[in-house]
Structures are given as C-alpha cells and as structure tokens.
Number of protein chains: 2
Amino acid sequence: MLIGEFSKRTGVSIRTLHYYDEKGLLKPEKNPISGHRIYSDRDVMNLHKIMTLKALGYTLEQISEMIRESSFDMSLVDSLRMQQKKLEQDKEDIETTLVTIRRTILLIEGEKEVNSNILMSLISSMQTEKAQREWAEQFMEKDVVESLYEVSEEEKMKWEKATLQFYKEIKRLVGKPANDEEVMHVLKEYFTLILTFLDVASFDDITNIFTGIESIEDFSDEELSKLEAEVEKFVPSPLTKEEQEWLDEVMAYYIENQAFGFQTDENE
Amino acid sequence: MLIGEFSKRTGVSIRTLHYYDEKGLLKPEKNPISGHRIYSDRDVMNLHKIMTLKALGYTLEQISEMIRESSFDMSLVDSLRMQQKKLEQDKEDIETTLVTIRRTILLIEGEKEVNSNILMSLISSMQTEKAQREWAEQFMEKDVVESLYEVSEEEKMKWEKATLQFYKEIKRLVGKPANDEEVMHVLKEYFTLILTFLDVASFDDITNIFTGIESIEDFSDEELSKLEAEVEKFVPSPLTKEEQEWLDEVMAYYIENQAFGFQTDENE
DNA sequence: ATACAACCTAACGTTACTGTAGGTGCAAGA
DNA sequence: TCTTGCACCTACAGTAACGTTAGGTTGTAT
C-alpha cells in the first residue's frame, strides 16, 4: 500500500504520515530504489493506536514511548488518571468562560455601544469570580462569602447592569462639583444598591462582615494600598486617573454629608 | 514604570511584554536614549483588556483588531456567540474523552496486563460511539439505533469486558482446528452475548433490525467490503491478518454446524 | 515520447509564547 | 575611577503538530 491509499484508508493526511515517519512514530517499509513508503496492515493498526492515544490527549512524544510496548500494565491507569485531571481542569475553565460569555451577552444586549474599558472590567470580574471568592475568604467568614456569591443569576445580572450604568455615569459626570445634584443622585443610588447587596443597613455595619476588624480605620494606609493592588490584579478599574480621583473626592463629600442620613430620606 | 515593575504589577512576564510590543498589541513609550520601555497606567488597562479577551478565547490577532476601538457595538455579541459555539464544541469533545477514560479505567482495572491492540480498539470504539450511531442510522430506524446505544453504563461495560475477553481468547486459540471444543465454546458464548445485546432470538432475526433488507444476502460482495472499510475507519480490528482469517473460518464452521441449534442446546 | 498522477525531500509558515546570547544603562561599593 | 551587578535592550533559536509550497523523481497510460 502506497502512502496515498493508506492516507485515504485512514483519513490521515500524507503530510502527517511523513511527519510521523520523520519523528519515528510510524516508520513503514521503504522501496529501496524509488524511496516510496510501503504501508502494511500492521501499520494501519499502529496508526490507529497513535490516533486513539492522541484522542485521549497524549502528546506525540508520550505516544511514541507508549507504543514501544505491545501491552499495557497498570501504570496506564495512573497515566489515564492524570489525563483525566488535566481534562477536567480544561473543562472547568471552558465552563467558566462559557458562563462569562452568556452573562456578557445578556449584559450588553440592551446597550447600543459599551465603553470597552468598562466592559472588560466587568468581564474579568465574572471570569475571576472564583479566585475572588477564595481571596475574600482571607478576610471574611466562609458563610459570609458564600452568602455574597451564592446569589441568583438575576441578582448578579442586576448588579452588573447597575455597575455598568454607574461607570457610564461617572464618565459622563466627571469634573462636576461634588455638590452637583445629579452627582449626588448617582452616588446615592449606587450606595443604596451596594448596601442592598451586602444586606446591611448602613456603612458602619459593613465592618461586621469582616473577621477581626472593628472598623475600617483598623486598616493602616499601607495595608489598604496593598489590598487595592491585589484587587487591581483581579480587576483593574476602568476609570482613568482623573476620573478615579474625582470619584474619590465626590464620594468623600457624599459620605460626609449624606451617608448616615439617606436611610431616612425616603420621599425624594 | 519600567518593564520590571510593570511585569510584577500585572503578573505578565517581561518576555511576553516584549512580544506584545513586537506584535503591536501593547506599545509603550520608549526612552529615546536608553531605549527602555516606559509603561503608563493606561497601559495597565490596555494589557488588562488583552488578557480579558484572551481569556474569552480570542487569538492575539483578533484581539489586536478589537482593541483598536475604544468601545464595542453589537457586533461583539455575534463574535461572542461564535466563541461560545467553539467552546461548547471543545467542551463536548473533552466530555466524550473523559467518559472514555473513565470507562477505560474500569475496563482494565481487573486485568494485570492488556494487549495494546485490543485495548486501543475498545477505546476508539468508545470514543467514536457518537459517530458510529449517526452512521448506523443510514441502515437502521432511529429508534432501533437508540435502543442499541441507549443502554446503561453497566450494560456497555459488560459488553466491553466480554469483547476484551473474546479477543484475548482468539489470540490464545488461533490456529486450533475449527471443531476444537474450546474454540466452539468461546464462539458460542460470544454469539449468545451478541444475540442478547441485539435482543433477537436467532441470526435470521438480525435482518429485522436493518431497514429495507430481507436477508444478509441482499448485500453484494462489493457493498459488504465497502461497509467493512467504513467500519474499519471507526475501529480497525485488533487482530492480525492470520487471526482474522482463522476467525472467519471457525465462525463459518460454527454457524453452519451450530448456529441455528444452540438456542435449544441449554444443558451443556 | 510525453503527459500526468503520485511520490520524494527540504524548507518555510503557523500560534503564542519561552529561552538564551551578547551587549548597554545606571547606581553603589572598593 | 573602576568594577560589580542588576535591569534592561535586541536578535536569534526553539517549541507542537502539522500545513503549504517548491523543485525534483518514479511509474503508468497514451
């Protein structure tokens, strides 16, 4: 059987067969005069072995070691279990990304255009959700973390949509004075939402969800900036430096003037 | 920010940053004298965008097109849906392979050593199960195919274990005369098993599961060898030519002498 | 004799990097 | 001032598993 027929019979391209020959994986006889490769029925079987192991995810190098022997012993089971682990990890990664994609599609379906920085922030926030959770367990009780993350898809969606809108507003309002009515309104809405999601009544209560911390002031400045850097690694802020500085300013103003009063302010 | 600090802050290796610069994905400022790269805060954001899109499965080339614009429109949704499809396919492939691996481990757990040809045959049979099913629908009614493949894991396992044992026996018995008692015994057991799985009472009834076929003789020789070749593409026989020829022979002998009688032969 | 298919080797292209060699810029210590 | 050492630079090579192309040879039909 010449290479063309063999290729058709097995469905493996001629170039791949050349390559396997070159790599010593499948070395057929050769016509010593013409140099043409001559494949036998045994080669069909050997190629099939190669393809099967490839389907299980082994590299050609691993395969060439494996096919030297004509039978497998129990060490194959160990090797299979390793493959299994690898594939399960791959699958989980894909699963995470699929969820992210689904949520992203839902998120932007209502919009006609989305600022790419904001969107990327949100996407990577979804993508790294699991890592964020594990990281958060350093500071909070496990069940607190759980209650924060184990919310329905709709809740998450609501949060993401609100965040998207909030950042959009920030980019629109940047530069306005801290006591601007619209600015105050946007901040109020967002803070209210945060408190709703955290399920606390006021900012003071937020400290309750951290372990071993009496108040926000327990964090030193160094600690805070270290924390910020770590958070940035997960999800960098989609705001420019100016936007961020402006936001810090108006937020400080807002908290000083309204934070502990807005609960009662219900008829606006 | 020089490249070292930037690399630490973002977790991306220096070499990769060089690469992104080279490819035009992330081109920081350069000190015109020393040639050192100078990264800004905006670059942090841009790199983050790149990493996010990479996590969604886009290639660097696609990414470099995508990051030219500062906002996304609805075409992103189409693109995300395409990614989604691709990832779903990948996931399914992995899933299939995982099932195959699990079954393979179970299959060989009882054995101390397995002939690699036989094992490869069985593995690829599991791996291509779906394709086999679709192929089989050319010849059988959909519900017949379904009833053949929609059996419990244990049933499948039983079949595979039996097949493994059968091939092992063949390789042990090859060369013995067709009327050898042991040979007859092995064939009988295997045929009985086949009929059990096909849920038919005799070989004549097998034709009932094919559509538009009155008897096996309806197939011409060409058709049969074409069929065989197609089956070989899924799962080549783990037998050598001699073993296969010997098996054909003893099977022919067995069918002629016993096939239609063994149903009654219950006290052996 | 010639056309043509089928084969050959050899070398480059692909993707997303990593590794290495050899050289420059800049600060601190001997 | 010289040297050491670190951070940085460019440029070239290598990885997996092939695909593609070029240029040349073999075998067969006309």
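Order of the sequence lines fixes the chain letters, A, B, ..., with proteins taken first and strands second; residue numbering starts at 1 for each chain. Note that this is a predicted model, so its numbers are computed, not measured. Keep in mind that the numbers below use all heavy atoms, side chains included, and drop hydrogens, waters and symmetry copies.
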> Of the options E92(A), E88(A), E95(A), which is the one that meets K91(B) in a salt bridge (Lys or Arg N to Asp or Glu O under 4.0 Å)?
E95(A)
> For the side chain of L60(A), counting heavy atoms from C-beta on, which of dA17(D), dC7(C), dC17(C) is nearest?
dA17(D)
> Would you mind telling me which residue lines up with the more 5' stretch of DNA chain D, N31(A) or T59(A), judged by nearest nucleotide?
T59(A)
> Using a cut-off of strictly less than 4.0 Å between a heavy atom of the residue and any atom of DNA chain C, enumerate the qualifying residues of residues 4-17 of chain B by number.
S13(B), R15(B), T16(B)
> Between M66(B) and F72(B), is any pair of side-chain heavy atoms under 4.5 Å apart?
yes
> Nearest to the side chain of E61(B), heavy atoms from C-beta on, is which of dT26(D), dT15(C), dC9(D)?
dT15(C)
> Using the side-chain heavy atoms of S34(B), tell me which of these nucleotides is nearest: dC7(C), dT9(C), dC26(C).
dC26(C)
> Parallel, tilted or perpendicular, judged at 30° and 60°: which one describes the rings of W135(B) and F234(B)?
perpendicular
> I need the residues from residues 36-48 of chain A with at least one non-hydrogen atom less than 4.0 Å from DNA chain C; give them sorted by number, or say none.
H36(A), R37(A)
> Using the side chain to side chain contact (heavy atoms under 4.5 Å, CB included) definition, which of the options E150(A), Q138(A), M140(A) pairs with V145(A)?
M140(A)
> CD of E22(A) versus P of dT9(C): gap in Å, rounded?
9 Å
> Looking only at atom types and distance, does a side-chain atom of Q132(B) sit under 3.5 Å from a main-chain N or O of S125(B), one as donor and one as acceptor?
yes
> So K23(A), base contact, sugar-phosphate only, or nothing? Heavy-atom distance under 4.0 Å.
nothing
> Check the pair K168(A) / E111(A) against salt bridge (charged side-chain N to carboxylate O under 4.0 Å, His left out), numbers first and verdict last.
CA-CA 11 Å; K168(A) 270 171 75 177; E111(A) 318 283 325; 2.7 Å; yes
> Should we say atom CE of M82(B) is surrounded by more than 12 heavy atoms from elsewhere, each under 6.0 Å from it?
no
> Show your reasoning for whether salt bridge (charged side-chain N to carboxylate O under 4.0 Å, His left out) applies to E109(B) and R103(B).
CA-CA 10 Å; E109(B) 243 171 2; R103(B) 278 164 68 183; over 6 Å; no
> Across the strands shown, which category fits I33(B) at heavy-atom distances under 4.0 angstrom: base, sugar-phosphate, nothing?
nothing
> Side chain of I3(A) only, heavy atoms from C-beta on: which candidate in dC17(C), dC8(C), dC9(D) is closest?
dC8(C)
> Please check the phosphate of dG19(D) (OP1 and OP2 only) for any side-chain N or O of Y19(A) closer than 4.0 Å.
no
